[in-house]
Amino acid sequence: MDAATQTVLLTANQIAGGVSRLAAEIRRDYAEDAPLHLVAVLTGGWIFLADLARALALPVTIDFVDASSYGANQHSSGIIRLRHALRLPVQNRDVLLVEDIVDTGATLAWLLNHVRAGRPRSLRTVALLDKPSRRAVDTPLDYVGFTIPDRFVVGYGLDHDEQFRHLPYVAALDVRPRSAGGQTPGDGQPS
Ligand code: 5GP
């Protein structure tokens with residue numbers, strides 16, 4: 001069993017402030033005559049989508065896509081797999097791709113091509129978290145919640161091996177093997 005130490009990077013209040021600011025920026029750019037089509041990336045984007053959709057105060061439609069380059073470890077495999085396709089057509093819609101976090105940029109670049117092939121009227125991107133120091137693929141980000149350092153983060157929808165998604169804050173996670181019978185200080189608790 002591994003031990004994990006959390007260091008809080010963004011509190012629930014800070015995240016709420018960031019989501020409100022993003023919603024205001026996005027609202028300024030769209031008219032209210034046609035619904036904004038939010039396409040959220042599963043699974044990490046689920047809480048961000050729920051909060052953003054309610055903060056926008058715009059008519060929205062919602063769809064999900066699951067394209068992932070991560071396995072059960074903390075490193076991008078670089079290979080994108082489509083595990084859940086779009087349910088609704090994007091043709092002639094104003095589409096906003098909602099990403100939890102952009103790291104190398106490979107997933108978002110792949111998704112942009114994927115959605116663009118469906119001929120949306122417009123296509124923009126929003127990410128709650130951006131790790132620009134890790135960027136390998138140049139990817140346009142129209143709206144960014146927070147720029148964070150090169151740390152592996154969990155919480156507010158993001159997981160490590162399917163754990164920690166429920167946390168109301170975003171924390172950097174340091175995972176290391178637990179020594180036999182040993183206890184890691186701060187185990188499971190935000191510091
Ligand atoms: P990219 O293709 O930009 O390298 O990776 C994007 C995806 O990798 C994100 O949608 C997310 O699922 C995952 N990812 C990247 N960085 C992190 C991280 O720090 N924590 C977690 N939990 N997932 C991450």
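Remember, it's a predicted structure, so these values are computed and weren't measured experimentally. Each ligand, and each atom within it, is numbered from 1 in the order the structure gives.
Contacts between Asp100 and ligand 1 below 4.0 angstrom, taking non-hydrogen atoms only, involve the side chain exclusively. Under 4.0 angstrom from ligand 1, the non-hydrogen atoms of Arg151 all belong to its backbone.
Atoms of ligand 1 found under 4.0 Å from any heavy atom of Lys131 (numbered from 1 in listed order, with element): 16 (N), 17 (C), 18 (C), 19 (O). Shown in contact with Ala106 at under 4.0 Å from a heavy atom are these atoms of ligand 1, numbered in order with element: 2 (O), 3 (O). Taking every non-hydrogen atom of Ile101 and a distance limit under 4.0 Å, the qualifying atoms of ligand 1 come out as 6 (C), 9 (C), 10 (O), 11 (C), 14 (N), 15 (C), 16 (N), 17 (C), 18 (C), 19 (O), 24 (C). For ligand 1 and Glu99, the ligand atoms under 4.0 Å from any heavy atom of the residue are 10 (O). For ligand 1, the atoms closer than 4.0 angstrom to any heavy atom of Thr104 are 1 (P), 2 (O), 3 (O), 4 (O). Against a heavy-atom cut-off of under 4.0 Å, Leu158 is close to the following atoms of ligand 1: 21 (C), 22 (N), 23 (N). Residue Asp159 has at least one heavy-atom neighbour below 4.0 Å for each of these atoms of ligand 1: 21 (C), 22 (N).
Checked options Arg121, His37, His114, Arg116; the residue passing with Val90 is His37 (criterion: side chain to side chain contact (heavy atoms under 4.5 Å, CB included)). For the side chain to side chain contact (heavy atoms under 4.5 Å, CB included) with Leu111, the lone residue among Val41, Leu123, Thr125 that qualifies is Val41.
By the salt bridge (Lys or Arg N to Asp or Glu O under 4.0 Å) test, Arg119 is found to be paired with no residue, residues two or more places apart in sequence or in another chain being considered.
Under the 30°/60° scheme for interplanar angles, the aromatic rings of Tyr156 and Phe48 are found to be tilted.
The neighbour count for Asp138 CG, taken as heavy atoms of other residues, nucleotides or ligands under 6.0 Å away, does not exceed 12.
Residue Gly105 places a heavy atom under 4.0 Å from ligand 1. Not a single heavy atom of His160 sits under 4.0 Å from any atom of ligand 1. Ligand 1 lies less than 4.0 angstrom from a heavy atom belonging to Val153.
A donor-acceptor pair shorter than 3.5 Å cannot be found between the side chains of Thr5 and Asp174.
Of the polar atoms of Val41, none of the N or O atoms is found under 3.5 Å from an N or O of ligand 1, judged by distance alone. Considering both main-chain and side-chain atoms, Phe152 never comes within under 3.5 Å of ligand 1 through any nitrogen or oxygen pair.
Across Val19 and Ala55, no two heavy atoms sit closer than the pair CG1-CB, 4.2 Å. In plain terms, the two heavy atoms of Ile62 and Ala53 that are nearest each other are CD1-CB, 4.1 Å. Of all heavy-atom pairs between Ser122 and Tyr30, the closest is OG-CE2, 4.4 Å.
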